[in-house]
Amino acid sequence: MADKKERSGSPGQEPPEPVPAGATPRRAGLGQRLLPYAGYLVVTAGLCAYGLWADNYYYTQLLTFIGIHTLLAVGLNMVMGYAGQISLGHAAFFGLGAYTTGALTVHLSWPPLAALPAALAVPALVAFIVGMPTLKLHGYYLGMGTLGFGMIIHILFREWTALTGGPNGLVGIPVLSAGPVSLAGGKTYLFLVWGAVLLSFGMCSRIVHSRVGRALSAIHFSEQAAAAVGVDTMRAKLEVFVFSAALAALAGFLYAHMVTFISPSSFSFLVSIRIVAMVVIGGMASIWGSLFGAGLLTLLPEWLHVFSEYEVMIYGLVLVVVMIFFPQGLTRGVLDAYERARRRKTGAGPSA
Amino acid sequence: MSAQGEEKPAPVLQLEGVSKSFGGVRAARDVSFSVAPGHIHAVIGPNGAGKTTLFNIITGVYAPDSGRIRFEGADVGGRPVHRRVAMGIARTFQNVELFSGMSVLENVMVGLHVRTRCGFLGAIARPPWVKREEKLARETALDWLRFVGMEKVAETPAGDLPFGWQRLVEIARSLASRPRLLLLDEPAAGLNARETRDLGALLKRIRAQGVTLLLVEHDMSLTMEISDRIMVLDQGVKIAEGTPREVQADKKVLSAYLGG
């Protein structure tokens, strides 16, 4: 113990005291130890069940889209929810991933899997270059900066006809295959996409619960104080921005090889706002909330056809309502409301 | 400068002719002073004397218009804030700047940022050394909380603590970076008499750890009691420096405070 204290550079002069209850990692039962993995288990079980029993092309497509949107949302959540930096141009990275793989496979006939590294690297590099000046901005200014960037990239997709096919889009993107093995077919692709989602959740959750994640949170609460305790805030913001762009690019890659046709409208400003809405509704700084937000905003337009006509209006309204009444996001908000209601029911006494 | 014939160890911090203006306001005018290792060195002066500006110049928030800042002999002038923390300069804020939604323990763990090295890829791959580092960081942070007497609230969100406790957590957080120079901006502000007394004892214990302290303080009885040396600023100019006794006797100091 004494030896360890030496190495850790702790104040050695203090008399040894019993370690308080909250100090050592609590010895939890099996159930409690599995709890962090509950989400992964439930999703995996649900997918297996779906794979075994259901066979409906429409639902398979829908679930695949939810997976792709979840990738977008969880990536943006790292930037917005954890690091507290707004990005209103995330559809650009989604699009850059899709168009990079699209251009390489259509014009140069690369096999899709060979295009994957480039489809991740190009948007990540763009994020790095754009992030360097942009992430120096704060609040609304950062919002405006990223918004402008998203629009520029959108115009690029529309005007650089030789590469992107212009407003007509890029046709004939091959479906995914690993050598002779086709990864296309509805359910196979569904599992592939959700595998990527669960993998990204694992990565994000590890980042959140690490030195890096704490530094990002610290920046969220007070950038000045974070710098004052030694966090290189610029570097931390840039890293998470690039990581987030890479996740969006992965979503773009998976999207392009699923629908085999991409056009600029899929990566417009509205799409950026939709991703922001997914994060806000699901809950800032909530990895699993991203799944909820993405699911809800994928299903709603499908179920309510009025929705698509008034989409922008409804997003605006939903964002305002959620921000005012459930600043923690809808998931947390509903849970809290339930908790309050239960407490009110069980007893009006001062303490339980 | 110091007229006493004692042998002088190399100063921890040395300012040479530091000046800084904001528009027409000259917040620091040709300020020179040095802080000896193991001292508690106080900076006092009426409101607006430029004390916090001086702190911001030393920590790297502001670049001085002219002059030099040396830390342990090295010119730190051009280095950004976080690099200076890594070198061994830590600070606390006048209004306590904790990461309010994070737990007390996590706050102190962020303080260990410059003494740990797990990066983005390390966090994702989580190899054994990262796990070990994480465990060690947790233990070290708890040790620092114990040092300031705040270990019982380790899991509490920092923003939920009473103000006096937040201040102690902030001190623990700054100590976690293992500084050799700690700057405290009005550590007694907002504390009651008892808390102030405890703070004085804590500052002496910090000095006993080998940390040199530079503090801005308004509480004169505390300052006079614990300081080894005091520098007096008025309108950005150093008007006096010496032991507490010398400063108290200084005419210029009295007139600055009484508005003479």
Side-chain angles (χ1 to χ4, degrees), chain A residues 1 4-5 7-26 78 84 199-200 202-236 238-240 242-243 284-285 328, chain B residues 59-61 80-86 90-93 97-102 105-107 109-120 122-126 130 133-140 142-144 146-147 151-155 159 170 173-178 205 208-209:
Chain A
M1 185 67 185
K4 189 166 57 190
K5 282 206 163 189
R7 273 189 292 117
S8 65
S10 335
Q13 279 92 325
E14 283 306 282
E17 276 178 44
V19 178
T24 42
R26 267 150 285 172
M78 293 300 286
L199 192 70
S200 76
M203 292 198 304
C204 290
S205 127
R206 281 186 166 196
I207 291 168
V208 167
H209 297 109
S210 75
R211 170 176 178 266
V212 178
R214 283 191 297 273
L216 292 175
S217 265
I219 291 171
H220 190 169
F221 288 108
S222 168
E223 192 161 343
Q224 188 196 16
V229 295
V231 177
D232 185 345
T233 55
M234 194 56 214
R235 180 181 164 161
L238 201 55
E239 280 177 347
V240 76
V242 168
F243 173 73
M284 302 266 238
Q328 305 279 320
Chain B
T59 52
V61 177
V81 178
H82 63 93
R83 288 286 313 139
R84 295 191 202 193
V85 179
R91 77 172 297 176
T92 64
F93 291 89
E97 293 248 4
L98 287 181
F99 311 122
S100 52
M102 298 168 76
L105 183 67
E106 285 172 322
N107 265 272
M109 286 174 85
V110 178
L112 282 155
H113 194 84
V114 296
R115 296 289 166 249
T116 43
R117 56 198 187 89
C118 164
F120 232 83
I124 292 173
R126 202 177 280 179
V130 169
E133 183 183 87
E134 189 74 10
K135 187 161 172 276
L136 194 61
R138 188 168 279 274
E139 285 164 5
T140 311
L142 267 168
D143 283 339
W144 284 115
R146 221 166 281 139
F147 182 74
E151 74 277 11
K152 284 178 210 68
V153 291
E155 304 296 333
E170 197 191 27
R173 184 181 70 183
S174 63
L175 286 171
S177 69
R178 251 342 211 175
R205 279 198 295 139
Q209 295 275 323

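For the numbers below, each heavy atom of this structure counts, side chains included, while hydrogens, waters and symmetry mates do not.
In this structure, chain A has a heavy atom under 4.5 Å from the side chain of B:F93, while its backbone stays farther away. In this structure, chain B has no heavy atom under 4.5 Å from any part of A:V208. Looking at B:A176, neither its backbone nor its side chain comes within 4.5 Å of chain A, counting heavy atoms on both sides. In this structure, chain A has no heavy atom under 4.5 Å from any part of B:S174. Of the two parts of B:T59, neither the backbone nor the side chain holds a non-hydrogen atom closer than 4.5 Å to a non-hydrogen atom of chain A.
Dense packing is recorded around CZ of B:R115, with more than 12 heavy atoms of other residues, nucleotides or ligands lying under 6.0 Å away.
Ranked by heavy-atom pairs under 4.5 Å with chain A, the first of B:R173, B:R84, B:R91 is B:R173. Most heavy-atom pairs under 4.5 Å with chain A: of the set B:G101, B:A86, B:A125, this distinction falls to B:G101. The candidate with the highest count of non-hydrogen atom pairs below 4.5 Å against chain A, out of B:G111, B:A90, B:S100, B:S177, is B:S100. Interface check for chain B: of the options A:Q224, A:H209, A:M203, the most heavy-atom pairs under 4.5 Å are formed by A:Q224. By number of non-hydrogen pairs under 4.5 angstrom with chain A, the leading residue of B:E170, B:E133, B:R117 is B:R117. Listed options A:A226, A:A218, A:S222 were ranked by heavy-atom pairs under 4.5 angstrom with chain B; first place goes to A:A218. Highest contact tally toward chain B, considering only A:V212, A:I207, A:V231, A:T233, is held by A:V231 [criterion: heavy-atom pairs under 4.5 Å].
Here B:E134 contributes atom CD and A:R214 contributes atom CZ; the two are 4.0 Å apart, rounded to the nearest 0.5 Å.
With A:R211 contributing its side chain and B:T116 its backbone, the two residues share a donor-acceptor pair below 3.5 Å.
In terms of heavy-atom proximity, A:R206 sits nearest to B:A123 at CB-O, 3.4 Å.
Legend: residues meeting side chain to side chain donor-acceptor pair (under 3.5 Å) with B:R126, ordered by chain and number and at least two apart, are absent.
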